[in-house]
> 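My questions all concern the structure below.
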Amino acid sequence: EIILDADTDTTITADTDDQIDIKTGGSDRVTIDSSGNVGIGTTSPDAQGGNQNIIFNIEGSDNIAYLSGGSGGNAVDDGFAIEGVATGVTSNDKRLGQIGMFRTNTSTTSLNSQMAFYTTGSGTHSEAMRITDSGGLLISCTTEPSNTTSGIFLRDNSEGGCKFSR
């Protein structure tokens, strides 16, 4: 234990639980767990809903912000996400929103990636918008039509697919 002030309530400790705790005013402020996850305002840096590979989370009284990472491999869909979670609600899906950046190929020499933006409406978490690896902007759909070039695509409910629009 390292004591950083005269009244001994500001410390850095590494106990037998294989984690590092930073305290100020006698309260835990930062925790680094045995997996290397960092939490601010929590002693258990972990995700709601069983999400894996949490790198960083900030916990307030009713909300948590997460930065999570993939496996670090070359797999399709491996990447990072920034996610907000409301812990003070009773809904099954507590996610406020999410921004995901993920791979679309497995190449180690020519990376392709996309960004997806998620929102939650009526308790359902779903993708609202995507920027594709070709520069297309998809709104309420996740794939570009095969017969068009990059552009802006909107969901056309009458046809059940993405439609080009300018």
Side-chain angles (χ1 to χ4, degrees), residues 1-133 135 137-140 142-143:
E1 178 174 33
I2 299 172
I3 299 173
L4 303 174
D5 68 351
D7 63 2
T8 69
D9 64 354
T10 301
T11 62
I12 300 174
T13 60
D15 297 328
T16 57
D17 57 0
D18 291 328
Q19 71 181 29
I20 296 172
D21 300 305
I22 299 174
K23 296 180 181 190
T24 61
S27 297
D28 288 315
R29 304 297 183 191
V30 178
T31 299
I32 303 172
D33 71 12
S34 61
S35 298
N37 299 322
V38 177
I40 297 177
T42 179
T43 57
S44 302
D46 192 10
Q48 300 288 316
N51 294 340
Q52 300 298 312
N53 302 314
I54 297 303
I55 296 171
F56 187 81
N57 74 307
I58 300 173
E59 193 163 326
S61 60
D62 287 326
N63 297 299
I64 302 173
Y66 295 107
L67 172 61
S68 60
S71 64
N74 296 323
V76 171
D77 292 336
D78 197 24
F80 288 90
I82 300 168
E83 181 174 38
V85 175
T87 59
V89 298
T90 57
S91 171
N92 286 339
D93 197 332
K94 299 176 184 331
R95 293 175 288 189
L96 297 168
Q98 181 180 24
I99 301 171
M101 297 144 276
F102 55 94
R103 295 178 67 113
T104 58
N105 68 350
T106 58
S107 172
T108 58
T109 58
S110 180
L111 177 66
N112 290 338
S113 63
Q114 297 187 5
M115 289 182 70
F117 300 81
Y118 297 80
T119 59
T120 300
S122 300
T124 302
H125 185 72
S126 59
E127 186 173 325
M129 185 173 69
R130 178 182 295 214
I131 301 172
T132 68
D133 51 15
L137 175 63
L138 308 177
I139 300 173
S140 295
T142 58
T143 57

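Side chains are part of it too, since the values below use all heavy atoms of this structure and drop only hydrogens, waters and symmetry mates.
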> Return the CE to OH distance between M129 and Y118, rounded to the nearest 0.5 Å.
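Here the rounded value is 12.0 Å.
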> With distance as the sole test, does N105 use its side chain to make a donor-acceptor pair with the main-chain N or O of S110 at under 3.5 Å?
yes
> Which pair of non-hydrogen atoms, one from T120 and one from H125, has the smallest distance, and what is that distance?
OG1-ND1, 3.1 Å
> Got a sec, which residues hit side-chain hydrogen bond (donor to acceptor under 3.5 Å, both in side chains) with D133, two or more places apart in sequence or on another chain?
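With sequence neighbours excluded, D133 shows a side-chain hydrogen bond (donor to acceptor under 3.5 Å, both in side chains) to T104, given in chain and number order.
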> Could I get the full list of side chain to side chain contact (heavy atoms under 4.5 Å, CB included) partners for A128, not counting sequence neighbours?
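So A128 forms a side chain to side chain contact (heavy atoms under 4.5 Å, CB included) with T119.
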> Rounded at 0.5 Å granularity, tell me how far CD in E83 sits from CD1 in I99.
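That separation rounds to 11.0 Å.
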> Under the side chain to side chain contact (heavy atoms under 4.5 Å, CB included) test, which residues partner T10, sequence neighbours left out?
L4, D5, T24
> Just one of I20, D21, I22 clears the side-chain contact (heavy atoms from CB on, under 4.5 Å) bar with T13, so which one?
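Looking at I20, D21, I22, the match for T13 under the side-chain contact (heavy atoms from CB on, under 4.5 Å) is D21.
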> Tell me which pairs pass salt bridge (charged side-chain N to carboxylate O under 4.0 Å, His left out) where either residue lies in residues 117-129, with sequence neighbours left out.
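Residue pairs passing salt bridge (charged side-chain N to carboxylate O under 4.0 Å, His left out), neighbours aside: E127-R130.
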> Looking at L111 and R103, what are the two nearest heavy atoms and their distance?
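Taking every non-hydrogen atom into account, CD1-CZ, 3.5 Å.
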> Please report the closest heavy-atom contact between K23 and D28, naming both atoms and the distance.
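Looking at all heavy atoms of both residues, the shortest contact is CE-OD1, 2.9 Å.
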> Kindly write out the residues that satisfy side chain to side chain contact (heavy atoms under 4.5 Å, CB included) with D18, not counting sequence neighbours, or none if the list is empty.
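Only S34 meet the side chain to side chain contact (heavy atoms under 4.5 Å, CB included) criterion with D18.
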> Among residues at least two apart in sequence or on other chains, which ones pass side-chain hydrogen bond (donor to acceptor under 3.5 Å, both in side chains) with S126?
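S126: no side-chain hydrogen bond (donor to acceptor under 3.5 Å, both in side chains) contacts found.
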